[in-house]
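Here is the structure we will look at.
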Amino acid sequence: MSLKAETVSWSAGGRLIVDAVDLEVMPQEFLGIIGPNGSGKTSLISLLAGIRPPKSGIVSLEGHPLAKSTRRDIAQRIALVEQQAETTERITARQAVELGRTPHLGALSPWSGRDTDIVARALDHVGMSDFADRMWHTLSGGERQRLHIARALAQQPQILLLDEPTNHLDIHHQIGLLELVRGQPLTVVAALHDLNHAAVFCDRIAVMDRGRIVALGTPTEILTEERILAVFGVAATVEHDEDGSCFVRYRRPRPKLHLISDTMKRHDHAR
Amino acid sequence: MRSIPPTINRTGAVLTAFALLFLALALGAAIGETAIPLDVVGKTVANRLWGAGYPLDAIDEGIVWNYRLSRAVVAACCGAALSLCGVVLQALLRNSLADPYILGISAGASTGAVAVAILGIGAGMLTLSLGAFFGAVFAFALVSLLALRAGRGTGAIILAGVAGSQLFNALTSFIVTKSANAEQARGIMFWLLGNLSGVRWPDVALALPVALAGLLVCLWHARALDAFTFGAESAASLGIPVKRVYATLISATALMTAVMVSIVGSIGFVGLVIPHAARFLVGVRHGLLLPAAALTGAIFMIAADILSRVIIPGQVLPIGVITALVGAPAFALILSRGRAAS
């Protein structure tokens, strides 16, 4: 199942947010999208999910443009986990996951035992079976995030799109969640903040900067000291393990000398 | 979550619901200034519908059939339709304060009614109801246009609705203060607060199909409404054609509200509160919530109508006064109970 963006652009308020992006997502791969805040990651994910029509360019699924498919057809194959989707409705954890079956049900085709099983499996996958009857508003941010993932799994998609899925999670759940997603027989596209998560879990990484994809490749190709400095403005050391994986160690910005002398002057005045 | 467990027999629930509705209708026909026994009500219906030929007092039969029963049926339709609109708008706009009048419809209807009754627009060709209907549709069109121009999001619709309501309410006040004499002003005031007094069978022929069609349209979209739980983008990612659903359901609610307001005036509170009450009873799933809200609204409105006729002997109160006077404390009770239970 290949998802492809061809010179896709999108703008909001007269500002170009996604700028002529070409991207082909390979079947079964875990593709990470990294980039600074406001670089267009979220917008690109929405475009790939087909919930926004591109201003120009084509997003296609197996060669068929999303713009020509029905929302329902797309949702049967692509699931999206947004950043911070919230509700004030008094729903239970299970009901939140049951929403994932929506694209497979019609106004006249009722809920079946099979749907119940799929929902139970999805809850089990994210380790939330014991919480199934808890009310949404009593759950923590991490628990809610896992339920969003479960809802996407209940959708039984071939492609899973995640927008910064590990926000608000502790490190145990961050790793657990990415591992869970990685273990699914799915094509995954995830906007990620943590470069080391990207290094560990991604097959390929795309780097976004000011609406454009400025680099695309394997983690070791992408995560270089020069690129991290150029795109994120952060000094870092990239260490390579024997197994070919890499690790990013950030360095403190080198203190600017005139600032130090200013501080010392102030101290002098204080005395 | 206090939703009905699936073990409860569906058929049983449906039968109970209909039994309650028919009981409410029968009581609506029986209770009033002249009390009429329930069996007379039943026999009247049998006579009229199936020509059963029970010997009855012609005056009793006339009161039951011509005045009270038509009135109770319209009250039920109106309560059901307004509650449905409330459920749908609260779900679509993701705002628990949304009600059928949030789109400026009741304000527009008032202006339309006032324009016909006081300014004499239409030169006697237009009835008050027709004027109200045109006013409602015009206001809705204006509000929709403003919302579309204001841009995306549910906030735009609500703000446009508020602006539209203020405008039309001001117009109504302007016309009433400028042109109406005291008696006209009183009559309009009564109508604005909801009035079922003039309701007859031709009104049923309008209200009943509209309420039933509205219920069907809403039920058809029950899953789509569920999918809005986490917002419009989430609904879109679950395969809901968001724009089409918005257009269909908001037009349906606008039409239902316009028809009901044009028949009975703008009865407040029902469309805001019954959806919340129904959620406490059956949970948030729209497949169950929509029929439950329609039924609760229907029964509540019949009961409010009965109260409006008997609370002061010899005088009928505007039904809107009752819905708010009785509804507000009842709602407060539900809210505080709900908090204690969770």
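Quick note on labels: first sequence line is chain A, next is B, and so on, each numbered from 1. Only this structure's heavy atoms are used, side chains among them; waters, hydrogens and symmetry mates stay out.
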Select one option (side chain, backbone, both, neither) describing which atoms of [X] are under 4.5 Å from chain B's heavy atoms.
X	value
A:Ile74	neither
A:Leu161	neither
A:Arg134	neither
A:Ala49	neither

Quiz: residues 80-105 of chain B side-chain donor-acceptor pairs under 3.5 angstrom, not counting sequence neighbours:
residue  : atom : partner  : partner atom : Å
B:Ser83  : OG   : B:Gly79  : O            : 2.6
B:Gln90  : OE1  : B:Arg279 : NH1          : 3.1
B:Gln90  : OE1  : B:Arg279 : NH2          : 3.0
B:Gln90  : NE2  : B:Ala98  : O            : 3.0
B:Gln90  : NE2  : B:Leu272 : O            : 3.3
B:Arg94  : NH2  : A:Glu86  : O            : 2.5
B:Arg94  : NH2  : B:Thr229 : O            : 3.1
B:Asn95  : OD1  : B:Leu97  : N            : 2.8
B:Asp99  : OD1  : B:Tyr101 : N            : 2.9
B:Asp99  : OD1  : B:Ile102 : N            : 3.1
B:Tyr101 : OH   : B:Ile267 : N            : 3.1
B:Tyr101 : OH   : B:Ile267 : O            : 2.7

Structural part of B:Ala227 lying under 4.5 Å from a heavy atom of chain A = both

Can you measure from [atom1] ([X]) to [atom2] ([Y]) and round to the nearest 0.5 angstrom?
X	Y	atom1	atom2	result
B:Phe230	A:His148	CZ	NE2	5.0 Å
B:Arg223	A:Thr102	CZ	OG1	7.5 Å
A:Ile91	B:Arg285	CD1	CZ	8.0 Å

What are the residues of residues 237-255 of chain B, in order of number, with any heavy atom under 4.5 angstrom from a heavy atom of chain A?
-> B:Ser237, B:Leu238, B:Gly239, B:Ile240, B:Pro241

Chain B interface, residue from A:Glu98, A:His104, A:Arg101 that has the most non-hydrogen pairs under 4.5 Å | A:Glu98

Option that, when pairs with chain A are counted at under 4.5 Å, heavy atom only, ranks first among B:Ala224, B:Gly287, B:Ala222, B:Ala236 | B:Ala236

